[in-house]
Amino acid sequence: MRRNTVGDHDEAQRSGFLDALAAGRLPWEAYADLTAQHWFVYEALESAATTMADDPVVGTFLFPELRRLPSIESDLQFLYGPRWADHLFALHATTVYCTRLRDVAHRAATGFVAHQYTRYIGDLSGGQYLGPAIAQSYGLPGAEGHRFFIFNGVDPMAFKTHYRGLLDTAPWTRAEQDEFIAEVAEAYRLNIGMLAELQTRWGQR
Ligand code: HEM
């Protein structure tokens, strides 16, 4: 799977928007907008965890400690203030992403795990560099405004090793494995689309 998606990852990394945020080249509102888009994505993803909880394979992939929605809401409260919910607007690409999540992550274990992997393992990888860089660039005090990147009680390296073991032993047929890999590629495309729209919105001001 890593072999199949390394090109997708390179493309996601090249999007420019995250680098620009890490370097503080964009207004703080651009970072707040990314956080707002995350609200929609993680709401759809984390409600899939509830919908799919009785599926035996999904059951082995449920990690309450990964839940990001409470952290995202705390970040939005810090960034926008008490009326943060008034600032939540889904970009077109975010709506497309969430529609896909509702179509596949709420229906099949392969779809759920593909989207879970792409987001959370990414958050536990590049996200661990991105979070502190953003905090520094935008002068975010302590954990305020960037709780999204901080996974309390999770050792990223150990977690990723455990998670890869689960992927390697998932009781999937060849067809399901192919479905999973194809959906990871789709999840990358959806993230690239969202970052591209954010870049268009904020990068050219
Ligand atoms: C500035 C942008 C990015 C940087 C600097 C970055 C950096 C990294 C690094 C260094 C790793 C390897 C960590 C390791 O092997 O332990 C990694 C892995 C990963 N990243 Fe990113 N990344 C970026 C964007 C993204 C995006 C947008 C996504 C998708 C939403 C993503 C998803 C992933 C995933 C799923 C992995 C795990 C790959 C595996 O299974 O080994 N990354 N990233």
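Index from 1, following the sequence. Atoms within each ligand, like the ligands themselves, are counted from 1 in listed order.
By the side-chain hydrogen bond (donor to acceptor under 3.5 Å, both in side chains) test, T169 pairs with no residue at all, sequence neighbours left out.
Cation-pi geometry between R102 and Y97 is not met: the NZ or CZ atom fails to fall both under 6.0 Å from the ring centre and inside 45° of the normal.
The environment of CG in D168 is crowded: more than 12 heavy-atom neighbours from other residues, nucleotides or ligands sit within 6.0 Å. Around atom CD of Q136, no more than 12 heavy atoms belonging to other residues, nucleotides or ligands sit under 6.0 Å away. Environment of CZ in R67: sparse, with no more than 12 heavy atoms of neighbouring residues, nucleotides or ligands closer than 6.0 Å.
For E183 and H115, the side-chain atoms include at least one donor-acceptor pair closer than 3.5 Å.
Ordered by chain and residue number, the residues placing a heavy atom less than 4.0 Å from ligand 1 are R2, H9, A12, Q13, L18, D19, Y117, T118, R119, I121, G122, S125, G126, K160, R164, Y188, N191, L195.
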